[in-house]
Amino acid sequence: MSSEKSMAIVLRVIEFSETSCIVTLFTQDFGKIGALAKGARRPKSSFESALDLLAVCRIVFLHKSSDALDLLTEAKLERRFRAGSRDLARLYAGYYVAELLREMTETGDPHPDLYAAADEALLDLERGTAVGPTVLRFELTTLRLLGHLPALHGCAACGEEMELTGRMLFGQVAGGLLCGQCRGGQRQVASVAAGTVRVLQQFAAPEDPSWRQVELDAKTRGEVRGLITHYLCNLLDHRPRMHEYLGALAGTSP
Ligand SMILES: [Zn+2]
């Protein structure tokens, strides 16, 4: 058992006893962890109310080697998530970031790059960046970093490069674009505009801030949302809980 330090985002807090909580944290250096926070519910605990949903904190914990919960020994608050108190859509978007991190990552699988992306998404929600694009950027970055990005430049089945033009075929099960040769026998194939694929490419591109300048018309926004929602549902085997609350993102939200 070793004592470790890391930055962490609080993904979930469950009351465990009168005085303790079990927390799920997404750490910068160790990926997702589950930890027991003894005494966290006492008024004067060593966690100083740092264990708030979506708060960013500096933690110290005892890393258990087995399947047992880690033991949180210290949590110092760096930043509370305040965007949610101003605007319900920002609150739900924050919850959704936490949901994707919880559901799509494995315990103890480090992804510092994904930590950075989540931190940036939460900061964007704080700073007033439009909710829809912030969420889409985080979804596509998460898919890319975890190796689940759909094929957006070539055919998902044969790998052939594809020119973006007119309407294209997107195989939800195949995992991306499909060329005319490969569409036969594929299930859940949708027709999407080339412009929609271009938007997805742009939002998925690493180290490229140009997604911040993209203005989406309602039709493209609807098509992008429909495609990614369907894709994530297939990947997770269920509909993300927060999608119900984020429905507005496909419609009028900026
Ligand atoms: Zn093909």
Side-chain angles (χ1 to χ4, degrees), residues 31 96-97 99-106 109-114 116-118 120-121 132-244 246-247 249-251:
Y96 182 50
V97 167
E99 183 180 12
L100 286 183
L101 291 174
R102 266 196 338 257
E103 301 242 330
M104 294 190 61
T105 63
E106 303 291 333
D109 181 21
H111 276 287
D113 41 9
L114 184 54
E120 192 192 3
T134 302
V135 166
L136 183 63
R137 172 66 167 177
F138 182 67
E139 288 172 316
L140 286 166
T141 303
T142 302
L143 289 171
R144 175 170 58 76
L145 294 175
L146 297 178
H148 296 301
L149 193 66
L152 298 171
H153 292 87
C155 174
C158 69
E160 181 94 349
E161 284 271 319
M162 288 175 71
E163 194 189 336
L164 294 189
T165 173
R167 303 289 298 180
M168 323 265 304
L169 298 172
F170 186 96
Q172 287 286 355
V173 178
L177 295 177
L178 285 172
C179 73
Q181 312 288 312
C182 297
R183 92 154 284 175
Q186 293 286 350
R187 291 180 300 125
Q188 301 181 32
V189 178
S191 153
V192 295
T196 295
V197 179
R198 206 167 289 121
V199 166
L200 293 175
Q201 287 179 350
Q202 198 157 16
F203 275 78
E207 316 282 332
D208 177 1
S210 69
W211 65 274
R212 294 180 181 278
Q213 269 72 53
V214 177
E215 301 244 349
L216 300 182
D217 58 59
K219 191 160 174 256
T220 307
R221 197 156 55 215
E223 206 167 73
V224 164
R225 277 282 14 123
L227 206 71
I228 291 303
T229 294
H230 189 162
Y231 186 77
L232 281 167
C233 290
N234 274 352
L235 199 64
L236 295 171
D237 240 357
H238 64 93
R239 187 178 164 89
R241 268 181 51 211
M242 292 315 297
H243 271 191
E244 188 185 328
L246 290 169
L249 297 180

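We count ligands from 1, going down the list as the structure has it; atoms in each ligand are counted the same way.
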Q. Taking T196 for the side chain and V192 for the main chain, is one N or O donor matched with an acceptor at less than 3.5 Å?
A. no
Q: For R198, enumerate each residue passing the side-chain hydrogen bond (donor to acceptor under 3.5 Å, both in side chains) test, keeping only those at least two apart in sequence or located in another chain.
A: none
(Q) Applying ring pair (Phe, Tyr, Trp, His ring centres under 6.0 Å) as the test, list every pair that has at least one member in residues 209-241; sequence neighbours left out. (A) F203-W211
Q. Which protein N, O or S atoms sit under 2.8 Å from the Zn ion (ligand 1)?
A. C155 SG, C158 SG, C179 SG, C182 SG
Q.
Any heavy-atom pair between the side chains of V199 and E223 that's under 4.5 Å?
A. no
(Q) What I'd like to find out is whether the side chain of R221 reaches to under 4.5 Å of the side chain of D217, using heavy atoms alone. (A) no
Q. With sequence neighbours left out, what residues match A190 under side chain to side chain contact (heavy atoms under 4.5 Å, CB included)?
A. L227
